[in-house]
Chemist: 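This is the structure, below, for whatever I ask next.
In what follows, every chain begins at residue 1, and chains take the letters A, B, ... in the order their sequences are listed. Keep in mind that the numbers below use all heavy atoms, side chains included, and drop hydrogens, waters and symmetry copies. The structure presented is a predicted model; accordingly, all values stated were derived computationally and were not measured.
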Amino acid sequence: DVKVTQSSRYLVKRTGEKVFLECVQDMDHENMFWYRQDPGLGLRLIYFSYDVKMKEKGDIPEGYSVSREKKERFSLILESASTNQTSMYLCASSELGTGELFFGEGSRLTVL
Amino acid sequence: GEDVEQSLFLSVREGDSSVINCTYTDSSSTYLYWYKQEPGAGLQLLTYIFSNMDMKQDQRLTVLLNKKDKHLSLRIADTQTGDSAIYFCAESPDNFNKFYFGSGTKLNVKP
């Protein structure tokens, strides 16, 4: 069974802390994505990566960075967390040239 | 990003049909998608339609595409309580590197 695993389901952090959200996929997919989900706003793309060490900004990259050192792992980094980054973060992957995204279960981050 | 719009809520009775609507802006989108998100879970692809099709049927699901009006709909026949979820439409205008999602429609099915 295909799987996208996000390491933390729930996190609570303080303003100014550095936050790492990890995502691992076991399908050998080239593309990986980080989305943010907020009520009434749907999913907004933060960053995506189409290969190891490659990354492209999505629609809302400010305040975030990413790392893709291995094909199966895509990390989202909040250098200095702020309260407006409280949200649900969804990782997804897809095979190159196909349109089906496979999502993890999400990481709910609360920044106090 | 692109604008993909959906109404936020829909409530139906068990056994009725549900119709969830979506409008999108990019006429170059090759595929349009419907994803389902159950409580506490990530999104799962429900169905998709190629842009040169008007309709696609898959068991209880019917997708209708009106390219002229850039309108997509998902009809669920004989809606069940297990269909209660958030439904997202999405488009991918550029070779599957970016996907644009609507705000999601929360479907509530009353017994």
Chemist: For residues B/Ser103 and A/Gly40, report the shortest heavy-atom separation together with the two atoms involved.
Modeler: CB-O, 3.4 Å
Chemist: If you group Ile, Leu, Val, Met, Phe, Trp and Tyr by side-chain heavy-atom gaps below 4.5 Å, do B/Leu61 and B/Leu45 land in one group?
Modeler: yes
Chemist: Is chain A contacted by the side chain of B/Leu8, its backbone, both, or neither, given a heavy-atom distance below 4.5 Å?
Modeler: side chain
Chemist: Might you confirm whether atom CZ of B/Phe50 has over 12 heavy atoms from other residues, nucleotides or ligands at distances under 6.0 Å?
Modeler: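 Yes, the 6.0 Å shell around CZ holds more than 12 heavy atoms from other groups.
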Chemist: For chain B, which of A/Arg108, A/Gln37, A/Arg44 has the most heavy-atom pairs under 4.5 Å?
Modeler: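 Most pairs with chain B among the choices: A/Gln37.
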Chemist: So, do A/Asp59 and B/Tyr100 sit near enough that their side-chain heavy atoms are less than 4.5 Å apart?
Modeler: yes
Chemist: B/Tyr33 and A/Leu101: side chain to side chain contact (heavy atoms under 4.5 Å, CB included), yes or no, with the steps?
Modeler: CA-CA 10 Å; B/Tyr33 308 86; A/Leu101 291 172; over 6 Å; no
Chemist: Quick check on the hydrophobic clustering: are A/Tyr35 and A/Leu78 connected, directly or via other members, by side-chain heavy-atom contacts under 4.5 Å?
Modeler: no
Chemist: Kindly compute the distance separating CD (A/Glu100) from CZ (B/Phe99), expressed to the nearest 0.5 Å.
Modeler: 9.5 Å
Chemist: Below 4.5 Å, heavy-atom pairs only: which of B/Gln37, B/Lys106, B/Gln6, B/Gln44 has the largest tally toward chain A?
Modeler: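 Max contact count across the listed options: B/Gln37.
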Chemist: Please look at A/Leu90 and chain B and tell me whether the side chain, the backbone, both or neither of the residue comes under 4.5 angstrom of a heavy atom of that chain.
Modeler: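 Only the side chain of A/Leu90 comes within 4.5 Å of chain B.
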Chemist: Less than 4.5 Å to any heavy atom of chain A: does that hold for the side chain of B/Tyr48, its backbone, both, or neither?
Modeler: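 Contact with chain A: none, neither part.
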Chemist: Between A/Val66 and A/Tyr89, is there shared hydrophobic-cluster membership here, with clusters defined by ILVMFWY side-chain heavy atoms closer than 4.5 Å?
Modeler: yes
Chemist: Would you indicate whether B/Lys110, at its atom NZ, is surrounded by more than 12 heavy atoms from other residues, nucleotides or ligands within a distance under 6.0 Å?
Modeler: yes
Chemist: Is it the case that one hydrophobic cluster holds both B/Leu64 and B/Val4, taking links as side-chain heavy atoms less than 4.5 Å apart, direct or via other members?
Modeler: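 In one cluster with B/Leu64: B/Val4, no.
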Chemist: Please say yes or no: joined through hydrophobic side-chain contacts below 4.5 Å, possibly via intermediate residues, are A/Phe103 and A/Trp34 part of one cluster?
Modeler: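 Result: no, two separate clusters.
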